[in-house]
Amino acid sequence: MRNYDKYSKQYYMPPVRCMDWAQKDCITSAPEWCSVDLRDGNQSLIEPMSLETKVEFFKLLVEIGFKEIEVGFPASSETEYEFLRTLIEGNLIPDDVTIQVLTQAREHIIKKTFEAVRGAKNVIVHVYNSTSVAQREQVFKKDKEAIKQIAVDGAKLLKELTAAEGADYRFEYSPESFTGTEPEYALEVVNAVLDVWQPTPSRKAVINLPATVENAIPHVYAQQVEYMHKYMKYRSSVVISLHPHNDRGCGVAAAEMGLLAGADRIEGTLFGNGERTGNVDIVTLAMNMFSQGVDPKLNFENMPYICSLYKSFTGMAISPRQPYAGELVFAAFSGSHQDAIAKGMDWRAKQNKKIWDVPYLPIDPKDVGRQYDADVIRINSQSGKGGVGYILQTNYGINLPAGMKEAMGYAAKDVSDKTHKELHPDEVYKVFEDRFVNSRKFFDVTAYHYKQTGGIHATVTVLKGGRMTDIQGDGNGRLDAVSNALKQHLGIEYTLTSYEEHALTQKSTSLAIAYVGIESNGKTYWGAGIDEDIITSSCKALVSAINNMLA
């Protein structure tokens, strides 16, 4: 590819090696979560949300369980300001929820922000300025001392205005474009801000380390975070927060490694909405923890409901392959996958397993409000016997014999292939009915009569070519007698190789279903019959099997 040589790394490694995080194999507890959907997520929309929509979105975030929500940049527009005042004056902020507001480290913007939060109970005022090499040189054209002074002056003003308000606001500082800043300089700026605030364990400061533009492999971010974690002043009185973006598609990995490196908190959005390629996806992060047996402290038990509201509020789509939430993320179309899932579910039920370890399903779909029949086993031309058998068994109580599952699998694949579409459970059942229950292309039997004669003598009424004919046959049982009568009348030969039956329902007027397999010239043909009488259902199954053989 041309022009690759115009690019070089835009990140800076810590002056000392920071690799303790790499010795850890898992995240053991949930971080503090802060949703930035209403600020960072909203400003990235083609059409930002209305005040009314933002209020409804805020309620959804509270319902999910967020305890910290960045509600906007109130000095940036009248809508942002009015939204915050609506939340406060309408008593819409629960006592256990902290709102966070963003402000640049500029005096008039900070003062407007303080006007906006007046009257709120729990507030984090989040101040930031950019510290990266690129921003210092190209945008601000200031040296390191001048950039640090901007941060310090902003920190002082936050402290002064909070004291003047008689409030107990908490403070957050972000060295914006942290990943493009020399770590030792970022540490210098952060420590200067903390010296102003003098945080305590009872009133912690938040230091946010944003990957404003993701510009490195995730392990670089982890080392930068670990360096700050190890050498930051007042560490026991500081919450280290991460705000990863997803420019390299590694936002989730960077966040997870950053948590291993000592971070305490994550700022992100539902489904990764945000500027450019978006913020880190909190849904994926939380569900990753859940899948490892860690309570994420957020509730995604009704994922379809959350997805529906999110799409309505933002106008954004959710990819069908979005982890944990996409329409197809639990779907198995592959025949071998379907077979493994079906067997795994059966094994799990028989073993009464508590721990989830079903093949191809990282979590139980029901834990996020999804259904096995509609969301997991999906039937198309790539599907196989296991998936088709599972659909029929779970939806209709039809437990096909092993050999018949294969025949039914091919039948369903054939229909899907010719129609170029997925088959829903009712369509799978129709294929079963058409191919194996109601297969009557060549003949039908309308009546059966039996006599005990040492063996069984059967009189069978055959409908063929519009004509009714009574035929006779003898056998050692009713099905055998009917079979012999049909062989003689039709002039055919086969061997009855398989017969199974079971009740189709548990009601007192339950139906019986029978499955018959017959072999002719080395090939097996199947039929099924359904009736209140098990003998009649068996004979119906035989008739369908013979029709399939003649076809």
Side-chain angles (χ1 to χ4, degrees), residues 33-66 69-72 79 83 211-214 243-255 266-288 290-291 296 298-333 361-363 365-371 374-378 380 382 420-422 424:
W33 301 106
C34 178
S35 161
V36 294
D37 289 270
L38 297 172
R39 197 272 303 169
D40 204 350
N42 182 59
Q43 74 184 31
S44 67
L45 299 176
I46 296 172
E47 294 184 17
M49 290 178 276
S50 67
L51 188 151
E52 293 77 12
T53 301
K54 291 184 77 171
V55 168
E56 293 306 310
F57 203 155
F58 179 82
K59 291 177 181 177
L60 173 64
L61 294 170
V62 170
E63 187 179 346
I64 289 170
F66 284 99
I69 301 171
E70 189 166 88
V71 293
T79 300
F83 170 56
T212 308
V213 176
E214 186 183 34
H243 186 115
H245 277 254
N246 199 43
D247 299 86
R248 291 171 55 95
C250 301
V252 168
I266 294 290
E267 292 187 352
T269 59
L270 300 182
F271 311 115
N273 183 32
E275 293 180 285
R276 302 182 312 280
T277 54
N279 293 316
V280 70
D281 176 7
I282 284 182
V283 178
T284 298
L285 267 177
M287 292 306 302
N288 281 355
F290 177 82
S291 73
L298 295 174
N299 187 345
F300 295 110
E301 290 178 5
N302 194 346
M303 194 74 78
Y305 163 78
I306 293 169
C307 290
S308 176
L309 289 183
Y310 169 82
K311 289 187 284 188
S312 170
F313 295 155
T314 65
M316 298 288 287
I318 295 174
S319 167
R321 301 294 181 188
Q322 180 84 13
Y324 301 105
E327 183 183 339
L328 298 178
V329 295
F330 299 112
F333 291 103
L361 293 178
I363 66 166
K366 287 192 173 180
D367 287 336
V368 288
R370 304 288 290 273
Q371 300 302 314
D375 296 315
V376 179
I377 304 296
R378 307 279 290 265
N380 66 11
Q382 305 300 307
H420 304 290
K421 72 184 190 73
E422 177 187 354
H424 298 293

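Index from 1, following the sequence.
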Check whether any side-chain heavy atom of [X] sits under 4.5 Å from a side-chain heavy atom of [Y], and report yes or no.
X      : Y      : answer
Met287 : Pro296 : no
Leu328 : Arg321 : yes
Phe271 : Thr314 : no
Glu63  : Ile306 : no
Asn273 : Tyr310 : yes
Gln322 : Val283 : no
Asn246 : Val280 : no

Distance in Å, [X] [atom1] paired with [Y] [atom2], rounded so as to fall on 0.5 Å steps:
X      : Y      : atom1 : atom2 : answer
Phe57  : Ser50  : CZ    : OG    : 12.5 Å
Phe313 : Asp37  : CZ    : CG    : 11.0 Å
Lys59  : Leu309 : NZ    : CG    : 12.0 Å
Thr212 : Arg276 : OG1   : CZ    : 8.0 Å
Cys34  : Asp40  : SG    : CG    : 10.5 Å
Thr53  : Asn42  : OG1   : CG    : 9.5 Å

Verdict with reasoning, Leu285 to Trp33, per side chain to side chain contact (heavy atoms under 4.5 Å, CB included) | CA-CA 10 Å; Leu285 267 177; Trp33 301 106; 3.9 Å; yes

Identify, with sequence neighbours excluded, every residue that meets side chain to side chain donor-acceptor pair (under 3.5 Å) alongside Glu327.
-> none

Minimum heavy-atom separation for [X] and [Y], please, with both atom names.
X      : Y      : value
Glu214 : Arg248 : OE1-N, 2.7 Å
Gly251 : Pro244 : O-CB, 4.0 Å
Pro362 : Ser291 : O-CB, 4.4 Å
Pro48  : Leu45  : CD-O, 3.8 Å
Asn279 : Gly268 : CB-CA, 4.4 Å

Of Thr284, Asn288, Asp281, the residue whose pairing with Tyr324 passes side-chain hydrogen bond (donor to acceptor under 3.5 Å, both in side chains) = Asn288

Give a yes or no answer on whether the side chain of Ser44 reaches the backbone of Gly41 with a donor-acceptor pair at less than 3.5 Å.
-> yes

For the side-chain contact (heavy atoms from CB on, under 4.5 Å) test, which of Leu298, Val71, Leu38 pairs with Leu61?
-> Leu38

Residues in salt bridge (Lys or Arg N to Asp or Glu O under 4.0 Å) contact with Lys311, at least two apart in sequence or another chain = none

Identified salt bridge (charged side-chain N to carboxylate O under 4.0 Å, His left out) partner of Arg39 from the options Glu267, Glu70, Glu275 = Glu70

